Every structure is written in structure tokens, then in C-alpha cells.
Amino acid sequence: MIQAVMVMNTQGKPRLLKFYSFQPPEKHQDLVRGVFQLLSARPDSVSNFVKVDAIFGPGAKLVYKHLATLYFVFVFDSSENELAVLDLVQVFVETLDRCFKNVCELDIVFNFNKLHTILDEMILGGQVIETSSEQIMRSVEEIARLEKQSNTTSIIPKSISERFSR
């Protein structure tokens, strides 16, 4: 099961935090700080798989990908395959790249709703439900189309709204 997904910049500031297993809100900052200290101290030449028993409890592991100024981190338990989760991180990054045309930190900051939508299309309640970047993009585009369509639909008929605007 996926326990958490984090995206943080190289200064340790979280840009996305999503926990699938309960963590008290008071503990969130400590978890982010612990993960960042662990990742920032690792050289580039080592594996992207880390055991994080001390931070998240027994059996917890994390997989991360460091791209430009961002760390993409997935925390999971022993029921998940490490390579499958690494592939999931890659699919997440590819989907963000397709969505934002070379994703950067500002895309994540200003489009956090789209980021959460993409993540929700991939993972539901800690279980991976979709691993196809193309299918995820189709779903996200459909959601965006429906949102746009619902925003243009007015509940109040035009004749009534014109009368009250005078």
C-alpha cells in the first residue's frame, strides 16, 4: 500500500503532501523534515530505494526521483514491489510533463488542483489503480472539459439575471 506521496523542492519545502495512512497533522512537518534530511544527504550515485523504518514505522520504504529542483517521493509498505513503485513515480512525472510541457516547481505551485487530480487518477486510498500515462491524461482532460462545461452553465436564466443587474 502507498502510505504517502510527497513532492518537495531542494530546500525541503513541500509542494505536495498526500498521506494515505493516517498521520497526525502535528507530525506532518516532522515527517517531511526527516525525509528531506535523509534525501538531501544522499549522493547521486546511490540507489533511489531507502528504508524509512525510523520515520514511518516498521516495513516502510521510499522511492524517490530527483529531477531539477524537485524530489518526487513515494512512501510504501512491504506489500508493494519497489520497482513497480519506481515505475509509478516515472509515470507520475511523465504525466506531469505531458500536462505542463516540462514540469517545474511553479507549475506545481500554481496548478495544485490538477496535480491532485492526476494523483487521484493514479492512486485511490493507497492502492494503485492506473499506471498508463495516456489513460490518466484522457481522464484529466475529460474532468477539465466537464468542469469548464459546468462553469458555463448558469442556474439562473439570463432574463432574470439581467433584470436584477439594472
Side-chain angles (χ1 to χ4, degrees), residues 1-100 102-131 133 136-137 139-140 143-144 146-147 150:
M1 180 177 144
I2 306 293
Q3 293 182 1
V5 176
M6 301 177 189
V7 177
M8 60 185 80
N9 65 14
T10 52
Q11 286 79 39
K13 183 152 178 126
R15 297 304 183 188
L16 167 76
L17 277 180
K18 187 139 188 177
F19 292 97
Y20 295 101
S21 61
F22 178 74
Q23 299 292 337
E26 310 83 50
K27 194 176 175 189
H28 288 186
Q29 195 60 35
D30 293 335
L31 294 172
V32 170
R33 192 176 303 114
V35 168
F36 178 71
Q37 287 174 349
L38 180 72
L39 297 182
S40 62
R42 291 174 63 85
D44 291 336
S45 61
V46 297
S47 163
N48 291 4
F49 305 105
V50 183
K51 288 189 178 195
V52 286
D53 294 340
I55 301 171
F56 282 93
K61 299 176 188 174
L62 71 77
V63 171
Y64 70 97
K65 194 169 196 79
H66 182 206
L67 298 171
T69 62
L70 295 170
Y71 287 102
F72 295 87
V73 181
F74 281 56
V75 180
F76 58 98
D77 62 16
S78 59
S79 67
E80 295 288 338
N81 182 321
E82 294 172 346
L83 293 175
V85 176
L86 182 61
D87 186 50
L88 188 65
V89 174
Q90 182 63 33
V91 168
F92 184 53
V93 172
E94 280 177 17
T95 306
L96 291 175
D97 275 342
R98 290 174 99 186
C99 200
F100 298 117
N102 199 7
V103 68
C104 68
E105 188 173 352
L106 289 176
D107 291 326
I108 290 173
V109 170
F110 292 117
N111 297 293
F112 64 91
N113 286 335
K114 191 173 265 193
L115 187 74
H116 280 278
T117 302
I118 291 169
L119 196 58
D120 289 344
E121 288 297 318
M122 295 175 64
I123 302 169
L124 179 66
Q127 299 297 319
V128 179
I129 57 172
E130 185 60 63
T131 57
S133 182
I136 294 165
M137 280 303 297
S139 297
V140 169
I143 290 169
L146 290 171
E147 284 177 347
S150 70

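Computed from a prediction, not measured in an experiment: that's the story for all the values here.
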(message) Going by salt bridge (charged side-chain N to carboxylate O under 4.0 Å, His left out), name the pairs with one or both residues in residues 47-61, residues two or more places apart or in two chains.
(response) K61-E82

(request) Using ring-ring contact (aromatic ring centres under 6.0 Å, His included) as the criterion, list what pairs up with F19, not counting sequence neighbours. (result) H28

(request) Go through the structure and list residues passing side chain to side chain contact (heavy atoms under 4.5 Å, CB included) with P25, not counting sequence neighbours. (result) none

(request) Drop me the distance from T95's OG1 to M122's CE, to the nearest 0.5 angstrom. (result) 6.0 Å

(request) Can you measure from CZ (F92) to NZ (K65) and round to the nearest 0.5 angstrom? (result) 13.0 Å

All N/O donor-acceptor pairs, side-chain side in residues 69-79, below 3.5 Å, sequence neighbours left out:
unit_1: D77; atom_1: OD1; unit_2: M1; atom_2: N; d: 2.6
unit_1: D77; atom_1: OD1; unit_2: S79; atom_2: N; d: 3.1
unit_1: D77; atom_1: OD1; unit_2: S79; atom_2: OG; d: 2.6
unit_1: S79; atom_1: OG; unit_2: M1; atom_2: N; d: 2.6

(message) According to salt bridge (charged side-chain N to carboxylate O under 4.0 Å, His left out), does anything in residues 29-41 pair up with another residue at least two apart or in another chain? List the pairs.
(response) D30-R33

(request) Output all residues satisfying side-chain hydrogen bond (donor to acceptor under 3.5 Å, both in side chains) with E80, sequence neighbours left out; order by chain, then residue number. (result) none

(message) With salt bridge (charged side-chain N to carboxylate O under 4.0 Å, His left out) as the rule and sequence neighbours excluded, what pairs involving residues 7-27 come up?
(response) R15-E105, K18-D120

(message) When you measure from the side chain of N48 to the backbone of V63, do you find a donor-acceptor pair of N or O atoms at a distance under 3.5 Å?
(response) no

(message) Tell me whether the count of non-hydrogen atoms from other residues, nucleotides or ligands lying under 6.0 Å of CZ in F112 goes above 12.
(response) no

(message) If you compare all heavy atoms of L31 against all heavy atoms of I55, which two are closest, and at what distance to 0.1 Å?
(response) CD2-O, 3.4 Å

(request) Please name all residues satisfying salt bridge (charged side-chain N to carboxylate O under 4.0 Å, His left out) with D87, sequence neighbours left out, ordered by chain then number. (result) none

(request) Return the set of residues passing salt bridge (charged side-chain N to carboxylate O under 4.0 Å, His left out) with D97 (not counting sequence neighbours), or none when no residue passes. (result) none

(request) Sequence neighbours left out, what passes side-chain hydrogen bond (donor to acceptor under 3.5 Å, both in side chains) with E130? Give chain and number order. (result) none

(message) Applying the side-chain contact (heavy atoms from CB on, under 4.5 Å) criterion to V93, which one of V7, L88, L67 satisfies it?
(response) L67

(message) Run the salt bridge (charged side-chain N to carboxylate O under 4.0 Å, His left out) test against R98 and tell me which residues pass, sequence neighbours left out.
(response) none

